[in-house]
Novice: 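Here it is: the structure, laid out below.
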Protein chains: 2
Amino acid sequence: MNTLADGTAEHAHTTAWIASVLRSRIAAGELTPGSKLSEEPLSAALGVSRNTLRQAFSTLAGESIVTRIPNRGVFVASPGVEEVREIYRVRRMIEPAAVLWGDVTPKVLDNLEAIVQQAQQARDSGSVPDMADANQSLHRAVVALTGSTSLQGLMDRVLAEMRLVFHSMSSAPDFHSHYVDRNVTLVKQLRAGKREEAAAGLRAYLDSAEAELLAHLGDEQDRQSELRQRAV
Amino acid sequence: MNTLADGTAEHAHTTAWIASVLRSRIAAGELTPGSKLSEEPLSAALGVSRNTLRQAFSTLAGESIVTRIPNRGVFVASPGVEEVREIYRVRRMIEPAAVLWGDVTPKVLDNLEAIVQQAQQARDSGSVPDMADANQSLHRAVVALTGSTSLQGLMDRVLAEMRLVFHSMSSAPDFHSHYVDRNVTLVKQLRAGKREEAAAGLRAYLDSAEAELLAHLGDEQDRQSELRQRAV
DNA sequence: AATCGAAGATTGTTCAACAATTTTTCCAGA
DNA sequence: TCTGGAAAAATTGTTGAACAATCTTCGATT
């Protein structure tokens, strides 16, 4: 995927294209949370004008992938405790709602089962990234039950922010392996038509996932402040 | 509200300022759905450069207040049948979810009761706009139960789009009066802690509101195509 | 009257410049 | 040596002009 130094590919909505380039670089962890995106160097590196880069920034800021501080520049968003809480506030509403009131068709159920199978395979082969991907796919698919593009978009934003959270953690322990089984039961419950149970279980899942993530984030911050201390 | 021909008020985040000006003009119905926002005249009228107006457009497009057609310009969004369906898909998920799982405090209940009282007053005095406002306030407050700024933001966008729908209708009959009582019972159920009932009732309310709105929208389109026919 | 093609207008993008603000540098004074 | 703070440098916010690409309009031709 050669993204820079191309120069060509003119006039195909440059601004959206630049936005997508930055988006994937951030998602890939190439641009780490908190790092500054200076206009002049970046525009030069990407081969676009400062002006269009700026417009791409607006797009990404709207997706809260990037935070803009007036007169100080834009930075890759680095979600903290409050952001994680907000993420789970959203998920704890829309995911169970999708389970309770979404349009559960046999086709969708097959899809969900395929995803949990992928997750199981990933766990068996010990690939944490694949497991994370499968997990995100599952929850994305759950929200898709709503049939709403807006809710899907909100969920996508939230999941992108989740990836940022993981990127900002130096040590990324295995959050996902012990949730695979829960996902399996979730799909089983859906298949059985037990929506209330599924929704309740999903809420419990989200609660514990949030708690675990927040705990680890606290440790992380402690470690960082420790380092800071040591640096003095 | 003198918005243009001011010239001063320099350097206070012009782009955001312009975006908010356009946003309120559209919300007020000054700029009607479907009307084109040409860059050169508008930038001249607002006293800003075409470039910053353009950036403001990006913001508003992100809020789907405005739709951007490549190489053809930006237009005030004019939501149709599909958009209304999407609006209610969203509302039918997040409002009942907020009722079921939101944080219902006595303070919030008082607030909700104050709002339904306003709605009743508006109905008694026959003020349809006030009733519409109170109705929107109520549903906004319901979503606030989630405590999530993202969901609140999504709801705000949705309600803004609702206003556009109403603005795009030549005849705006009284949608709201026969929903006031339903809102009253909703708050009563919340006060009584009967969340499941409240959520179910709310979903029924949203279903019928959507149906009614879609029916009227269909009539509207029929009328318009009739006019178009007559013009030929 | 319908079709095709050439002006004309509008949007998308870039460049260069300047004002406003932040950050850095550096020096005087304690 | 350390601190305070003013000057200098760097960066962001905004503007205006310019040009390519695309859409629109209008007229010429058949």
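What's counted below: heavy atoms across the whole structure, side chains too, no hydrogens, waters or symmetry copies. Below, chains carry the letters A, B, ... as their sequence lines are ordered, and counting in each starts from 1. In this text the structure is predicted, and so the values were computed from the model without any measurement.
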Novice: Using the side-chain hydrogen bond (donor to acceptor under 3.5 Å, both in side chains) criterion, which residues pair with B:Ser78? Sequence neighbours excluded.
Specialist: none
Novice: Compare side-chain N and O positions of A:Thr15 against OP1 and OP2 of C:dT13 and report whether any pair is under 4.0 Å apart.
Specialist: no
Novice: What's the closest nucleotide to the A:Asn71 side chain, out of C:dT22, D:dC23, D:dT15?
Specialist: C:dT22
Novice: Going by side-chain contact (heavy atoms from CB on, under 4.5 Å), name the residues that satisfy it together with A:Asp130, two or more places apart in sequence or in a different chain.
Specialist: A:Ala122, A:Ser127
Novice: Taking only N/O atoms, report every protein-nucleotides 17-19 of chain D pair under 3.5 Å with atom names and distance.
Specialist:
residue	atom	partner	partner atom	Å
D:dA18	N6	B:Arg50	NH2	3.3

Novice: Report the residues that fulfil side-chain contact (heavy atoms from CB on, under 4.5 Å) with B:Arg23, sequence neighbours left out, ordered by chain and then residue number.
Specialist: B:Ala19, B:Ser20, B:Thr59, B:Leu60, B:Glu63, B:Ile65
Novice: I'd like to check the side-chain contact (heavy atoms from CB on, under 4.5 Å) partners of A:Thr32; sequence neighbours left out, ordered by chain and number.
Specialist: A:Ser35
Novice: Quickly work out the B:Leu46 CG to D:dT15 P distance and round it to whole Å.
Specialist: 11 Å
Novice: Taking the side chain of A:Ser49 as heavy atoms from C-beta outward, which of C:dT10, C:dC15, D:dG13 is closest to it?
Specialist: C:dC15
Novice: If the condition is side-chain contact (heavy atoms from CB on, under 4.5 Å), which residues does B:Asn111 pass it with, not counting sequence neighbours?
Specialist: B:Ile115, B:Ala141
Novice: Among C:dT13, D:dC23, D:dT14, which is the nearest nucleotide to the side chain of B:Thr52?
Specialist: D:dT14
Novice: Between A:Thr14 and C:dT13, does any side-chain N or O lie under 4.0 Å from OP1 or OP2?
Specialist: yes
